[in-house]
Amino acid sequence: MFPASITHSLPVLFQTTESPAYQTCPYCGFRLMEVWPSTDITSSSRVEHCPICGYQHDIHGLIPAKPMTRAEKLFAFDRWLWRHSLDRRLLQSHYHVRPEQFFSKGAL
Ligand SMILES: [Zn+2]
């Protein structure tokens, strides 16, 4: 499990002020897997981190994704929303989006 502040600590850790790009996680289908650009410290390797399934690929190697049920994905999704000061009710009522829209088709 990653510390709750990982999305905020990565820029410090890799001494970058850049924001991550996002790609679909190849393991759990979450569409906002973070992809951080390479830096001098990461020696041309970009860093990939999925806040849902825990997949991470960085200079230390690969942390594989863990298999997850729908309930586990939703729990991790709620935790990710909370870190961004959001919740499912606010997503639905204000932004009119559902959790399924954050995952590739059929992944949730
Ligand atoms: Zn994932």
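Computation of the quantities below employed the complete heavy-atom set of this structure, encompassing side-chain atoms and omitting hydrogens, waters and symmetry-equivalent molecules. Whatever order the structure lists them in is the order used to number ligands and atoms, beginning at 1.
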Geometric class of the Trp80/Phe77 ring pair [parallel <30°, tilted 30-60°, perpendicular >60°]: parallel

Salt-bridge present (Glu72, Arg70; N to O < 4.0 Å): no

Candidate pair Tyr22 and Glu34, rule side chain to side chain donor-acceptor pair (under 3.5 Å), full reasoning: CA-CA 5 Å; Tyr22 298 98; Glu34 299 163 6; 5.4 Å; no

Partners passing side chain to side chain donor-acceptor pair (under 3.5 Å) against Arg31 (at least two apart in sequence or in another chain): none

Evaluation steps, side-chain contact (heavy atoms from CB on, under 4.5 Å), between Phe103 and Thr24: CA-CA 8 Å; Phe103 291 83; Thr24 300; over 6 Å; no

Nearest-0.5 Å distance that lies between atom OG in Ser19 and atom CH2 in Trp36: 6.5 Å

2.8 Å shell around the Zn ion (ligand 1), exclusive bound, protein N/O/S atoms: 4

